[in-house]
Amino acid sequence: MVLLLLASILLQQPGGKWIQEHEIHGSFLHEDLGRQIVFLGDLDGDQHSEVLVASPGADLGVSFPFGKVRIFSGATQNILFETTSLDFSNASVIGISSRRVGDVDQDGIEDFACLTRQAVSEPFSSVIVFSGANFSTITRIFSPMGNTTFASRGLEGGVDLSGDGIPDLVISDPVYSKSLDYQGAIFAYDPTTWQPLWVVEGNLAWLQIGQSLACIQDINNDGYNDVLTSSSHTGLEGSIHALSGKDGSEIYRIDGIPGWIDLGIFGIATIPDITGDGVEDFVTNMSAPFWLTYQFGFLNVYSGADGILLHQIQGEVPDSGFPYCPTNIGDIDQDGYEDIATSAIFQQTPGDGSGVVYVYSGRDWQVLARIPGPPKQSRLFGEALSGGEDVTGDSRVNLGIGDKAAFHRGIIAAGAAYIYSFEPFLRASAKQVSASSGGQVDFDLQFPLEDAGKEYRMLVSTDLPGSIVLGKIEIPLVHTPLTWAVAHNPPNWFTGSRGTLDANAHATATAVFPANKFTSHVGTTLKFVALTMRPIRKPDRSSAAVYVEIVP
């Protein structure tokens, strides 16, 4: 009861609205639909990203095998392509792992790969690479003999490691045991020959290198892009390994902190350079020990250049599985920074659900969203995440969420997949204004139709992290002297900062920055938020924040 109350309190949304655009469900017991959801980009030229949804437990009408993978049109939601385990020899199940892998056949359209597994005879696994243009099979890579988790934990592509301009494919197997038990291995493949560029084998028994994978831009400035992976040998704390894309040699290693476990085990996501050193950075998980209760996990942000810890985000609810599957979802709030989604798959939610997806701003690491799984049916909401592509065709990126264990019409683990969009309610015509020459920024307010006729107010603050919580409303800015001044006595340079929404719940406002009046504020970023008000003049709904930087 206490945990459920805590979850209810923490599920406030800090501005804007998350809209569930599409939802599909499995139809069979343990179908596990949503085990993978992957935005593939626009494959057919209609300005909508296509969506891959895997159902590794799908009933194919025979006693054995199982599983199907479907590609849905982002524009129409029609099925463009479907493949099952029956389409391939030596395949008992398909879709446990699926990824977009870049344009490996150089036809101008990105391709994708799916894992097949079988338990009858070796080889136990294979990765099938499909054409994004016509869905034909480009190649099939079988696992080395003896491998049992080939590509289950790590399957990545889209980055050129060899310097030939063609994206390569990287596959891991943490239980690979060639010369040492469970040493693990990483395999990098060249699409021109589909032979290994290099293979890295763990140098210790039970190292289990390859628990997760990510490709990253050139770390060591040798002209080759590189690879990040994780292992779980070091006293359960785990380690991150940065490997050279040229030959697989280790560039650096980050060991987990004693007292914490599973560093990097549940996913690594690269982010644009935030340190200014010209190298991509990355985020990953650091988990609380499973044998202790009331512990919080951390989302760690690291420098890609040297592995230095830059920032930590503590989970909001203990023992919730946070953070799982960290994923770069692109600039979801359109502030110029790419954002990160991760999940707390065990967090209980009101309505007897399980799983909350958290979205963090790449600008300041503040919470942009807490999205709970649908009531009653969600069980592992957020176990699969995807983003960075426009599925709905409105020129904004979307968020894909999978829940392989979701109930549907009483069917256990039928599974579900969802696509969300974000509506900020507030947009600005410019992101910068010159202090010396001045300028004008127009604001467009568009709230839901049910807010038509309500009063609105706009607030301004400097760009400081944090938020204001008033009752059930979380406003994504903090009190500053400027906030107080604009709220109580709007300056003459800011017109339309308060008023009434029209019949379409729309309004406009304008900030005119006179030349040379804001020279002392050069380098300052202003944060603007719009609120709708209840009759008693208390905030009813908040927009997301928009940012305007004062430049010379």
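Just so it is clear, the structure is predicted and the values come from calculations on it, not from any experiment.
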Correct closest heavy-atom pair for L385 and C325 would be CD1-O, 3.3 Å
Under 3.5 Å, is there a donor-acceptor pair between the D255 and S239 side chains?
-> yes
Flag for S354-R379: side-chain donor and acceptor within less than 3.5 Å: no
The side-chain hydrogen bond (donor to acceptor under 3.5 Å, both in side chains) partner of R117 among S143, S125, S92, S126 is S125
*Is it the case that S172 and R153 place a side-chain donor and acceptor less than 3.5 Å from each other?*
no
Smallest heavy-atom separation, N398 atom then T392 atom, equals OD1-N, 3.2 Å
Q) Less than 4.5 Å apart, any side-chain heavy atom of S230 and any of T284? A) no
Y252 and G304 have their tightest heavy-atom pair at OH-O, 2.8 Å
Original post:
Is there a donor-acceptor contact under 3.5 Å from the side chain of S249 to the main chain of D247?
Top reply: no
- Item | Side chain S212, main chain G264, donor-acceptor under 3.5 Å | yes
Across all chains, not counting sequence neighbours, the salt bridge (charged side-chain N to carboxylate O under 4.0 Å, His left out) partners of K178 are E201
Kindly say whether G245 contributes a backbone atom to a donor-acceptor pair with the side chain of W198 at under 3.5 angstrom? yes
Determine whether D173 and T149 satisfy the following criterion, side chain to side chain donor-acceptor pair (under 3.5 Å), listing intermediate values before the conclusion. CA-CA 5 Å; D173 181 1; T149 61; 2.3 Å; yes
When you measure from the side chain of S177 to the backbone of Y182, do you find a donor-acceptor pair of N or O atoms at a distance under 3.5 Å?
yes
Hits for ring-ring contact (aromatic ring centres under 6.0 Å, His included) against F266, two or more places apart or cross-chain, chain-then-number order -> Y324
Evaluate E316 against Y358 for side-chain contact (heavy atoms from CB on, under 4.5 Å), listing each step before the verdict.
CA-CA 10 Å; E316 295 183 340; Y358 289 82; 3.2 Å; yes
**Asked** Among side-chain atoms of S232 and Q211, is any donor-acceptor pair under 3.5 angstrom?
**Response** yes
Sequence neighbours excluded, the answer for side-chain contact (heavy atoms from CB on, under 4.5 Å) partners of Q217 is N225, E280
Those residues at least two apart in sequence (or on a different chain) that pass side-chain contact (heavy atoms from CB on, under 4.5 Å) with H408 are H25, A414
Contacts of P374 meeting side-chain contact (heavy atoms from CB on, under 4.5 Å) (sequence neighbours excluded), chain-then-number -> Q20, Q377, S378, F381, Y418
Give the ring-plane orientation class for F187 versus Y176, where under 30° counts as parallel, over 60° as perpendicular and anything between as tilted. perpendicular
query = Distance-only, no hydrogens or angles: does the S97 side chain make a donor-acceptor pair with backbone N or O of A151 under 3.5 Å?
reply = yes
**Message:** I'd like to know if the side chain of S343 reaches the main chain of I345, judged simply by a donor and an acceptor atom lying under 3.5 Å from each other, with no hydrogens or angles considered.
**Reply:** no
Report task. Please confirm whether the backbone N or O of I332 pairs with a side-chain atom of D339, one donor and one acceptor, at under 3.5 Å? Result -> yes
Counting only pairs under 3.5 Å, give me each side-chain donor-acceptor contact of residues 33-43, with atom names and distances, residues two or more places apart or in other chains.
unit_1 : atom_1 : unit_2 : atom_2 : d
Q36    : OE1    : S98    : N      : 2.9
Q36    : OE1    : R99    : NH1    : 2.8
D42    : OD1    : D44    : N      : 3.4
D42    : OD1    : G45    : N      : 2.9
D42    : OD1    : D46    : N      : 3.2
D42    : OD2    : D46    : N      : 3.3
D42    : OD2    : Q47    : N      : 2.9

Closest non-hydrogen contact found for V104 with V101 is CG1-O, 3.6 Å
